[in-house]
Structure formats: C-alpha cells, structure tokens
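Residue numbers begin at 1 in each chain, while the letters A, B, ... track the order of the sequences.
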Number of protein chains: 2
Amino acid sequence: MSEAASATARTALQGAPSKGAALQKDLSVEGPCGGRPYHHGDLSRALVMAGRRILEAEGPTALSLRAVAREAGVSPAAPYHHFKDKSELLDAVAEEGWRELGVAIGKGRGGAANPKMAMIEIGVAYVSFARQNPALYRLMYHAACDREMMPDHAKDADSGWRHVAEAIIEAGADPNDEQDMALAQIAAWCNVHGVAEMAGFKEFEPLKEALGGEEPFVRALLSHVGIFARRPKTPYE
Amino acid sequence: MSEAASATARTALQGAPSKGAALQKDLSVEGPCGGRPYHHGDLSRALVMAGRRILEAEGPTALSLRAVAREAGVSPAAPYHHFKDKSELLDAVAEEGWRELGVAIGKGRGGAANPKMAMIEIGVAYVSFARQNPALYRLMYHAACDREMMPDHAKDADSGWRHVAEAIIEAGADPNDEQDMALAQIAAWCNVHGVAEMAGFKEFEPLKEALGGEEPFVRALLSHVGIFARRPKTPYE
DNA sequence: AAGATTATCTTGACGGCGTTCAGATTCATG
DNA sequence: CATGAATCTGAACGCCGTCAAGATAATCTT
C-alpha cells in the first residue's frame, strides 16, 4: 500500500541488503572523497536509514534501538557513539521525514494552477505524504510534540512552513498584518495535520467512496474548511 | 495487604486535582453491595484509575503494565485476568478519557450564547480538555489511530461526536444534505484535533501573548478557519 | 454445611529492551 | 611506526511484557 509511497526515499535507501556487511563495505569504499567516513563507514547515516527501513517494513513497535543496530550489522552498543540515546536517533529519522515532506509540499505548490489554489495543493501534498508514510509521520509528529515545537529546520528554504507562508502571501494576504498572517499559517498547519491523522478512519469510508476516492475526499475537506479563504476576522458575533 | 494498597491508591487519587473527582467509586470494604466485587475488590477499575494517575503524574513513558500493577498493589501478572494485554488496559484508560471529553464538550455547547456560537464553544472545550490532559489525550488519539476509527461509544448520547452533529444542525445546516453534514462534522473534528495537538507549541507563544492568552488564541484560530460557517462548497475555482 | 468449581491472584521464569562500561580494534597523524 | 583518539564489541544491569503452574478465596451445587 505505501510501497509506491517514497520513490524518492527508496532511491536513497536502495541497495540496502539486510545484513550490514555489504552496506559497510560500500560506504567505506566511497570514503576518501568527503573525509567524512569513519572506522566503520558512515554508521550514523546507516543507522538512520536502517531505522526508516524498519519503520516502513515492520511498524513502529518493531523500531527498537537493538533492531536498528542489528539491521545495520553492529552491536547494540555501537549507536551510542553517534547518538546520545534512542530518542536522538529517532529524532534524526524524523528530521529526514520533515525534509522530504518539505520537498513534497514544494512540488504540490509548484503544480498549482494559480496562486489561490496553491494552499489547497499544499494541503493535499501534505496529507498525501502523511498517508503514504503513516508510521514515519507519526514519528515526526511525536518528536515535534515532545519538544513542543516544529522541527528546527522549519525555517529552511525548502521547508513546508516556508512554503505555506509564501503561498499565503501570494494568495493575497497582507504581509504586513503579522497577526493575521500568523493565524492563517497556524490554522492551516493545524487543519492539515488533523486531516492527515484522521483521513484513514474507517467511518469515513462511505463518504470517501461517494466522493470518488481519498484525494477528492481530502480536497473536499480542505475546501469545506475554507482553509485559506480570506475572510473577516470574526465571522460570528 | 490488598486493602492497604487500594487505600493508598485512593488517597493518592484524591490528591490529584481537576476532574475525575466524581469518577472515583467507593472501593472500600462494602461486601455485598453491587454484586460486582470480586476477590480483591474491583481490580479492573482500580487498574484503570492507577493507569490514569501514573499518566498524569509521571508521563507516558512511566506508564508500564508493571507500574500500574505496582500502583494498584497487585502482582505484575494480576492484570492479565482483566485485560488481554497492556494495550487493552490502555484502551480502557483512553475510553474513560473519551467519555470525559464528551461531557466537557456537552458543557461547552450548553454554555454557548446562541446556536451559531455552539460550534466554537465545543471547539474551545475540546482543545481545553486536550491541553489540560495532554498525556491522556495523546493516549486517546493513539488508540483511535491504531484501530483507524473513533472510539466505539462515539454514538452514545453524551459523546462529543453526537454533540457536534446536533450543533451543526442547530446552526442551520441542512440535515438532509448528508454529504455536506458529514463533511462539516469531519472537518470540524480534524481541525479541532490539529489545534489541540499544536496549541502548546512554543513558536506560537508571542501570538498567544498578543491575543491575551491561550484561550483567545484558540478562539482566534477556530474563528479564522471559519470552522463552521456555512459556505459555498467550492470557494475556489 | 461441605465439597466442587470457578475466578482471582502470586510466584517464578523467559526473552527482549535501553543503557553502561571496561576492553579490543582501527584510524589519523606526527 | 608509535601514540592517542575515535570507534566498535561483549558482558552485564535492571526493567519491561507475557506466560505457565500453583495457591487462595468466592461462588455454586447438593
């Protein structure tokens, strides 16, 4: 189901046979270029990739530090030379997810017919990513909630957060009304997150089918909420 | 010894603030009262309460089956006579949470100035509950996501789900347009969930302060999204 | 009232987990 | 080539979820 999901990620993960031996060798062979590789190869990278692979293949409950080490072909204690503890490793996996999500959002935004549609396309891309990598998305959000903030690189050029801010302005918001800008951005983010986590619920199945599939369903949901229609600040009195 | 343990448990719970005051039953030595009590007393109830207490006091990572049993004063294997496994116990804790949330939502709805305001009040009550019981809320949602559906009792009279449906109709929606009804209900739920999980993020702090606190912030967010304003189905073309 | 039956709880064990630490190995460099 | 630092291993600790076997108490039958 989520197999076709991360074609982009898959290339990155490609050629990773289960045992670490081959992986180690490959990494150490291409070593001399960057000056990065260490004793074992770039283990820290390998661990993150192994973590993601386990997440996709066997689900979040199987994602133990020991399993990751096993998959990477090292002892259970090895990761501790690259990450303070398990949660730091998981953070690294999550961060990669956020980066990919940013790229996906950028693509969605770029494919919009006009600036006013961009926000919806962004939302669709966001939800679509979350639905195709559910375990990863949960991990990402878990990490964010734990530290009670968005990932640090949210300010980066290709981050989803940035895309949203720009799209809102392009859609006609007044960039000088900081408060309204922030509200729009936050509201969009909250909404799209809710949809991402609930779109798979089974009680919505009939409606999904009536609308012709999950993507139309998501579109309808986002449109219905008027995700970024500019509107008076207080619709009720 | 079971008596003593459950006594400590009870006093500990009474120390806990906020809700659940009415919830705790009299587990004291009342032999032939309800026909329910068993060997130990109502252990299954006691376990759920212990679970909740640990969740609030020490966070989700401390919430182990063994810790719950310890807190309830029984052996680590005792819970297995009442719950199939750990996750079933957690489900029971979550279910209690959903019930409380339903009540909170009902109160919010009842306190609304007029039918059109009811939806916002519901949203505020929802987010407020989630923010006051963050660990419990996460647990609730985790359980729902795992089974990919809302809790079973969502159809009950005092469930939040029901309240939302009724409030939407009272606000003027056409109850015969099933599709639109469902969309409104789902969109509301998604949005409010997103706000609930993100309202605590630190990057929103300045905006919160500018708006005068967290509740105004939440109100602004919900209003901005036009959470339940009736609107044309496709705001963009 | 006494014995049989069932439900409940305890004890003890198993394997897996995250984490630590002392020691072995390999790398970079002088 | 020697030395010191970075990297990995092996074994150990305590906690976890879970299970099987036995002890204990409540309930039911007669």
Side-chain angles (χ1 to χ4, degrees), chain A residues 19-21 23-25 27-48 50-51 54-55 58-93 139 146, chain B residues 1-6 9 27 29-48 50-51 54-55 58-93 139 146:
Chain A
K19 275 314 163 192
L23 179 53
Q24 296 168 230
K25 242 187 182 177
L27 285 172
S28 63
V29 161
E30 72 183 47
C33 61
R36 292 285 221 76
Y38 285 82
H39 174 200
H40 167 99
D42 194 342
L43 180 56
S44 123
R45 197 57 131 199
L47 287 170
V48 172
I54 290 175
L55 201 52
E58 322 187 33
T61 54
L63 186 55
S64 67
L65 223 191
R66 288 178 113 106
V68 172
R70 222 178 288 135
E71 173 92 7
V74 295
S75 86
Y80 286 88
H81 292 264
H82 300 268
F83 301 96
K84 188 173 116 286
D85 54 12
K86 183 188 179 184
S87 88
E88 203 172 280
L89 204 187
L90 265 41
D91 285 351
V93 176
L139 180 69
D146 275 350
Chain B
M1 58 181 73
S2 52
E3 312 270 86
S6 106
L27 293 184
V29 201
E30 26 101 312
C33 152
R36 286 281 224 74
Y38 283 87
H39 177 196
H40 166 98
D42 194 342
L43 179 57
S44 128
R45 195 60 130 193
L47 287 169
V48 172
I54 291 175
L55 200 53
E58 322 188 31
T61 53
L63 186 54
S64 66
L65 225 193
R66 288 178 112 106
V68 172
R70 224 177 288 133
E71 173 92 9
V74 295
S75 87
Y80 283 88
H81 293 265
H82 299 269
F83 302 96
K84 188 174 118 285
D85 56 11
K86 184 189 179 185
S87 89
E88 204 172 280
L89 203 186
L90 264 40
D91 285 350
V93 176
L139 180 69
D146 275 350

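Going from atom CZ of Arg70(A) over to atom P of dG16(C) covers 8 Å, rounded to whole Å. Look at CD1 on Ile54(A): it is 10 Å from P on dC17(C), rounded to the nearest Å. The CG atom of Asp85(A) sits 17 Å away from the P atom of dC17(C) (whole-angstrom rounding). We find that OH of Tyr80(A) is positioned 17 Å from P of dC13(D), with the value rounded to whole Å. Between the CZ atom of Arg45(A) and the C1' atom of dT7(D) there is a distance of 19 Å, rounded to whole Å. One can place CG of Leu43(A) at 14 Å from C1' of dT26(C), the figure rounded to the nearest angstrom. Leu65(A) places its CG atom 11 Å from the P atom of dT20(C), with the value rounded to the nearest Å. Protein atom CG of Leu89(A) is 10 Å distant from nucleotide atom P of dG18(C), rounded to whole Å.
Of all nucleotides listed (dC16(D), dT9(D), dT8(C)), dT9(D) comes nearest to the side chain of Val74(A). Candidate nucleotides dA13(C), dT9(D), dC19(D) were compared by shortest atom distance to the side chain of Ser75(A), and dT9(D) ranks first.
Considering only side-chain N and O atoms, His82(B) lies under 4.0 angstrom from the phosphate OP1 or OP2 of dC9(C).
The side-chain heavy atoms of Pro79(A) and Leu65(A), taken from C-beta on, include a pair separated by under 4.5 Å.
Toward the 5' end of DNA chain D, the nearer of the two residues Ala77(B) and Ser64(B), judged by each one's closest nucleotide, is Ser64(B). Heavy-atom nearest nucleotides on DNA chain C were determined for Arg66(B) and for Ala67(A), and the one closer to the 5' end corresponds to Arg66(B).
Rounding to the nearest 0.5 Å gives a distance of 12.0 Å between OG of Ser75(B) and CZ of Arg70(B).
Closest non-hydrogen pair, Leu47(B) versus Ala69(B), comes out as CD2-CA, 4.3 Å.
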Show, in sequence, the C-alpha distance, side-chain angles and deciding distance for Leu63(A) and Leu90(A), and conclude whether the side-chain contact (heavy atoms from CB on, under 4.5 Å) test is met.
CA-CA 9 Å; Leu63(A) 186 55; Leu90(A) 265 41; 4.1 Å; yes

